[in-house]
Amino acid sequence: NPYSGTLDGSGFCILEMKITNELVNPGFFSFLNGSEIKNICIQGEINFIGTQVASYIGGFASKSYNTIFSNCINNIEVNYTNYGYSYIGGFVGIIENTNFVACINMANITASEICGGFIGKAETGENSFLQCINIGNINGNNHVAGFVGYNTDVIFNVKNCINLGE
């Protein structure tokens, strides 16, 4: 079941989170729906070798629907090798109707497929970035970007954001 509550980190950080090959669609949360995540930072690493099955990987969540992130910092380094499709994001692997306000991605991401500093794939709905920054370096083979790796004709509202990563 998806997490659908509010997580207010009160400015605290979760440190040294480590995720390896043992989980399907890893992240701090597996699935968010109707959630609010605010005032928190996470730091650590995800090292993963995928299978033929599609994978969604993000520091905060593998999937996020109808969710708001505000004043959050991601510093989860992702090193991912996959033998099928994958959607890798610093914050979230795949989103629908998700908004980011004053969030920062500091993590470097290395993936064999689709990856973005914030989002691997934006699937449907209206999504937004307001006053967000990507500092992390994003490396991959196909559909690689500082904010969103792959967008399927989704509406994005972007205001006062900057990509400083490579």
Side-chain angles (χ1 to χ4, degrees), residues 2-3 5-32 35-50 55-64 67-82 86-95 98-122 127-141 143-150 156 158-166:
Y3 177 75
T6 297
L7 173 65
D8 185 345
S10 300
F12 286 97
C13 290
I14 296 169
L15 301 175
E16 298 184 31
M17 185 174 94
K18 293 187 191 276
I19 297 175
T20 59
N21 274 9
E22 303 304 317
L23 299 173
V24 175
N25 298 329
F28 185 70
F29 292 97
S30 178
F31 183 17
L32 298 169
S35 302
E36 182 179 9
I37 310 298
K38 60 185 180 178
N39 306 318
I40 190 167
C41 70
I42 56 174
Q43 178 270 324
E45 61 185 65
I46 297 174
N47 293 301
F48 201 86
I49 298 174
S55 298
Y56 312 116
I57 296 176
F60 276 95
S62 59
K63 294 188 277 186
S64 174
T67 295
I68 297 171
F69 289 88
S70 60
N71 299 311
C72 295
I73 299 172
N74 174 58
N75 198 5
I76 301 286
E77 301 282 330
V78 179
N79 295 295
Y80 184 78
T81 302
N82 190 17
S86 60
Y87 304 101
I88 314 302
F91 273 75
V92 183
I94 189 167
I95 66 167
T98 296
N99 301 296
F100 297 86
V101 179
C103 292
I104 300 171
N105 177 59
M106 299 175 68
N108 297 322
I109 298 171
T110 302
S112 55
E113 279 293 327
I114 302 161
C115 55
F118 277 80
I119 307 303
K121 179 183 181 185
N127 305 280
S128 66
F129 291 106
L130 175 62
Q131 299 175 335
C132 294
I133 300 170
N134 175 57
I135 298 170
N137 295 322
I138 315 303
N139 301 293
N141 296 321
H143 303 288
V144 177
F147 278 81
V148 180
Y150 186 75
F156 263 101
V158 180
K159 290 186 178 180
N160 301 321
C161 296
I162 189 167
N163 176 34
L164 299 173
E166 294 181 9

Problem set entry | Ile88 vs Ile114, side-chain contact (heavy atoms from CB on, under 4.5 Å): CA-CA, chis, key distance, verdict | CA-CA 6 Å; Ile88 314 302; Ile114 302 161; over 6 Å; no
Value for CG (Asn134) from SG (Cys103), rounded to nearest 0.5 Å, stands at 12.0 Å
> Does any N or O in the side chain of Ser35 come within less than 3.5 Å of the main-chain N or O of Tyr3, such that one atom is a donor and the other an acceptor?
Replying inline: yes
In short, Cys132 meets Ala102 closest at the heavy-atom pair SG-N, 3.9 Å
So OG of Ser62 and CD1 of Ile57: to nearest 0.5 Å the spacing works out to 8.5 Å
Run Phe129 and Phe147 through ring pair (Phe, Tyr, Trp, His ring centres under 6.0 Å) and show every step you take.
CA-CA 9 Å; Phe129 291 106; Phe147 278 81; 5.1 Å; yes
- Expected output: side-chain Asn74 to main-chain Gly59 donor-acceptor under 3.5 Å: no
Distance col, row Asn75:CG vs Asn105:CG, nearest 0.5 angstrom, shows 8.0 Å
Closest non-hydrogen atoms of Gln131 and Cys161, given as atom of the first, atom of the second and distance, are N-SG, 3.7 Å
From the list Val78, Val144, Asn163, side chain to side chain contact (heavy atoms under 4.5 Å, CB included) with Ile138 holds only for Val144
- Message: Aromatic contact between Phe91 and Phe60, with the criterion being ring centroids under 6.0 Å apart: yes or no?
- Response: yes
Donor-acceptor contact below 3.5 Å, side chain Asn79 vs main chain Thr110
no
Heavy-atom nearest pair, Leu7 first then Phe28, reads CD2-CE2, 4.1 Å
Smallest heavy-atom separation, Cys72 atom then Lys38 atom, equals SG-CA, 3.9 Å
Exercise. Start with the C-alpha gap between Ile104 and Ile135, add the side-chain angles, then the distance that decides, and say whether side-chain contact (heavy atoms from CB on, under 4.5 Å) holds.
Key: CA-CA 7 Å; Ile104 300 171; Ile135 298 170; 4.0 Å; yes
Checklist line | Cation-pi check, Lys121 onto Tyr150 ring (under 6.0 Å, within 45° of axis) | finding: no
Please test Ser128 against Phe156 for side-chain contact (heavy atoms from CB on, under 4.5 Å), starting from the C-alpha separation and ending with a verdict. CA-CA 5 Å; Ser128 66; Phe156 263 101; 5.9 Å; no
Do the rings of Phe100 and Phe69 sit parallel, tilted or perpendicular, given the 30° and 60° boundaries?
parallel
Checklist line | Non-hydrogen side-chain atoms of Tyr56 and Ser86 separated by less than 4.5 Å | finding: no
field: Test side-chain contact (heavy atoms from CB on, under 4.5 Å) applied to Val92 and Thr98, step by step
entry: CA-CA 10 Å; Val92 183; Thr98 296; 5.5 Å; no
### Task
Please check if any side-chain donor atom of Glu45 sits under 3.5 Å from a side-chain acceptor atom of Asn47, or the reverse.
yes
To the nearest 0.5 Å, atom OH of Tyr87 lies from atom CD1 of Ile94 at 6.5 Å
Value for CD1 (Ile76) from CD1 (Ile42), rounded to nearest 0.5 Å, stands at 4.0 Å
For Asn137, is there any backbone N or O sitting under 3.5 Å from a side-chain donor or acceptor partner on Asn108? yes
Distance col, row Ser64:OG vs Ile37:CD1, nearest 0.5 angstrom, shows 8.0 Å
Checklist entry - Would the number of heavy atoms belonging to other residues, nucleotides or ligands and lying under 6.0 Å from CE of Met106 be above 12? => result no
Backbone N or O of Glu16 within a donor-acceptor pair of the Gln43 side chain at under 3.5 Å? yes
